[in-house]
Structures are given as structure tokens and as C-alpha cells.
Amino acid sequence: MPLTSKRDEIRTPISSDFDIVKARQRGRELAATLGFPPTDLALIATAISELARNIVRYADRGEIILSLVEKGEKRGIVVVARDDGPGIPDIELALQDGFSTSGSLGLGLPGCRRLMDEFDINSRNGMGTIITVKKWLR
Amino acid sequence: MVVPILKQGQYLIASVQAALTDTDLLKLRDALTEQVGTYRSRGVIMDVTALDVMDSFACRTLSDLAVMIKLRGAETVIVGIQPEVAFSMVQLGLKLEGVATALDLEEGLAYLDQKVKRVARAINEQKR
């Protein structure tokens, strides 16, 4: 059974702070099925929490899409955070520690990049944001 | 998820039982700040042993809580941060600076006893 097919995606609509908790719990459960150690489960759940909160805070609504991925010998979890919000005008600035437009600590995006193994961000002003992060099983 | 707040002598103990939403965290912060006055408490113990994630919002809210409690004249200590939660906090860049922490409830109580005794001694010396 290919792990990357569409039907293995777990989609969680995000529009309230309760959805943030739901998404990170689902991410933790999915990662646990692959056998990630507790430390990695906490990192993954924390990263999802930050990404989902950004959706609620900046875009009102969006979704978190979880799936498992295989690349050669490697296996891991992919988290996609997608929204149709206002987008990020300056990605480089948004990835700097301590930068925030909402009065938060400004650690969400740069911190999330440190928590995960791969981090990809696609956003344009007025065109929404798609952030894809991966964690590989070691 | 409402967090029960227990009154234990001159301290308040808030014991997180499950994952908390942002709203739950803010409600808990406000309830503790309020109840410190109601019960004339000297200290607050926030037990986060069961908390699944300590992300930037949780960290900021707990920092704010500690400052607010301080402004109300009491002390706060956070207890029970799990090893994997501590690791993700460091990775995220969260330091929880200026907030007292202790290993568990027992250590937290010992910390508050020490702090409160010091304050009581200072007040007595002033009276003399």
C-alpha cells in the first residue's frame, strides 16, 4: 500500500483554537504509528501547534494535512498547513526570530523550522500560504 | 477543559489534566490572578506534567501569569515540565525566562516555602 496516496491524508479544518489542539493530537497519533520516539512526537506536535495557530491568527481559517511519506529507505511524516489568507509579504523577515506582526513572541515560523527536518514555505501577498514540513524517522 | 484550582494552605495549585486550548490557558491565567486575592494566597503552583505541548502561546501565557501573580504580591512556580517538552521548548527558542520552575509538586512546594518564609522574615524585621 503506497503511503503517499491521497486517501492516506488526514485533513483537519482549522478555524478555532480547539482545532489547533485537535490537529496536533492527530499529528502525534499518526507519527506514533511510525514509531517516532517521545522526543520527536513532542517536536512534531509543537510544530503543528505553531502552524495551526498561525492559520487561526492570520488567515482565520485553513487546514492541516497530515500524511506519511517514504523516500528510499527513509520514512517520515509530512505536515502541510494551508490557508487562503492574506499571505506573508516578506518571508525572509517572517522567518527571523522575534519578528511578529501580531504582538506574539515571533518564534512560531523560525522555531517550527528548527523543530522539523525539512521546511518549505510558499506564500504571496493576497494569495494565501502553504507551509510544508517533514520529519524523518531516525 | 477547565483546570481545577486547589487551595492548599497559603498556596493555590493548578493541575493541568489534559491538553489546553489557548482560551483555556487565558481563562486559567485570569482565574489564578483573581483567586490569589480571594484566598490571600502567597504562592501559585502550576503543574504542567500532563500538558502535551508547550508552544510559544503557552509559554507566553505562563510568563504573563507569573508576572501578574507577582504584581498581586505572590510567587509562581511551574512544575512538571517533561523532558521531551523541555527539548521542544529549547528548539523553538522558548526560555521561560524569569519564571521559577521545579521538578515536581514536592519541589515546587519546597521552593514556595523558602520564598514565602524569606518574605515573612523581612516583614518581621521591618516591624522591629
Side-chain angles (χ1 to χ4, degrees), chain A residues 14-29 31-32 36-58 64 79 81 94-100 102-117 119 133 135, chain B residues 1-4 14-31 46-68 78-99 101 103-104:
Chain A
I14 305 290
S15 62
S16 74
D17 64 350
F18 179 71
D19 299 328
I20 301 174
V21 174
K22 195 155 61 175
R24 75 183 186 219
Q25 285 176 340
R26 285 179 171 176
R28 182 190 285 269
E29 280 164 23
F36 275 105
T39 309
D40 283 347
L41 295 181
L43 295 181
I44 293 162
T46 308
I48 295 172
S49 202
E50 296 293 339
L51 293 173
R53 179 169 301 99
N54 279 352
I55 292 177
V56 175
R57 186 175 288 154
Y58 299 107
I64 295 281
V79 179
L95 285 171
Q96 278 176 21
D97 270 337
F99 176 81
S100 175
S102 69
S104 72
L105 295 173
L107 290 171
L109 277 191
C112 182
R113 180 149 76 162
R114 284 191 291 270
L115 294 174
M116 303 297 275
D117 295 326
F119 182 96
V133 295
K135 188 91 188 162
Chain B
M1 178 74 213
V2 178
V3 179
S15 202
V16 177
Q17 310 289 320
L20 296 181
T21 66
D22 296 0
T23 312
D24 295 335
L25 274 163
L26 293 176
K27 273 189 194 153
L28 177 61
R29 181 199 66 188
D30 295 345
M46 175 81 186
D47 187 353
V48 297
T49 308
L51 202 64
D52 62 331
V53 155
M54 184 84 102
D55 58 12
S56 58
F57 186 85
C59 225
R60 191 204 168 108
T61 309
L62 292 187
S63 292
D64 288 352
L65 166 73
V67 175
M68 287 162 74
I78 314 278
V79 306
I81 296 179
Q82 296 303 298
E84 59 270 21
V85 172
F87 182 64
S88 30
M89 285 172 70
V90 171
Q91 292 287 312
L92 205 54
L94 301 169
K95 297 191 185 90
L96 212 58
E97 267 167 327
V99 181
T101 53
L103 184 66
D104 52 23

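These numbers come from the heavy atoms of this one structure, side chains and all, not from hydrogens, waters or symmetry mates. In what follows, chains carry the letters A, B, and so on, assigned in the order in which the sequence lines appear, proteins first and then strands, with residues in each chain numbered from 1.
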So Glu84(B) and Leu43(A), side-chain contact (heavy atoms from CB on, under 4.5 Å) or not? Walk me through it.
-> CA-CA 8 Å; Glu84(B) 59 270 21; Leu43(A) 295 181; over 6 Å; no
In terms of side-chain heavy atoms, does Asp17(A) have a donor or acceptor partner in Thr23(B) at a distance below 3.5 Å?
-> yes
What's the spacing between Asn54(A) CG and Ser56(B) OG if we round to 0.5 Å?
-> 8.0 Å
Rounded to the nearest 0.5 Å, the CG atom of Asp55(B) sits from the CD1 atom of Ile20(A) at a distance of 8.0 Å
Roughly how far, to the nearest 0.5 Å, is the CG atom of Leu107(A) from the CD atom of Gln91(B)?
-> 12.5 Å
Gap separating the OG atom of Ser88(B) from the CZ atom of Arg114(A), nearest 0.5 angstrom = 12.5 Å
Bottom line for Arg113(A): the part with an atom under 4.5 Å from chain B's heavy atoms is neither
To the nearest 0.5 angstrom, please state how far the CZ atom of Arg53(A) sits from the OG1 atom of Thr21(B).
-> 9.5 Å
Proximal component of Leu94(B), with respect to chain A [non-hydrogen, under 4.5 Å] = both
Could you tell me the separation between the CG atom of Leu105(A) and the OG atom of Ser63(B), rounded to the nearest 0.5 Å?
-> 7.5 Å
Look at Leu20(B), Leu92(B), Asp24(B) and state which one has the largest set of heavy-atom pairs under 4.5 Å with chain A.
-> Leu92(B)
Do Arg24(A) and Asp52(B) pass the side-chain contact (heavy atoms from CB on, under 4.5 Å) test, and can you show the C-alpha distance, the side-chain angles, and the key distance before you say yes or no?
-> CA-CA 9 Å; Arg24(A) 75 183 186 219; Asp52(B) 62 331; 3.0 Å; yes
For atom CZ of Phe18(A), is the number of surrounding heavy atoms from other residues, nucleotides or ligands below 6.0 Å larger than 12?
-> no
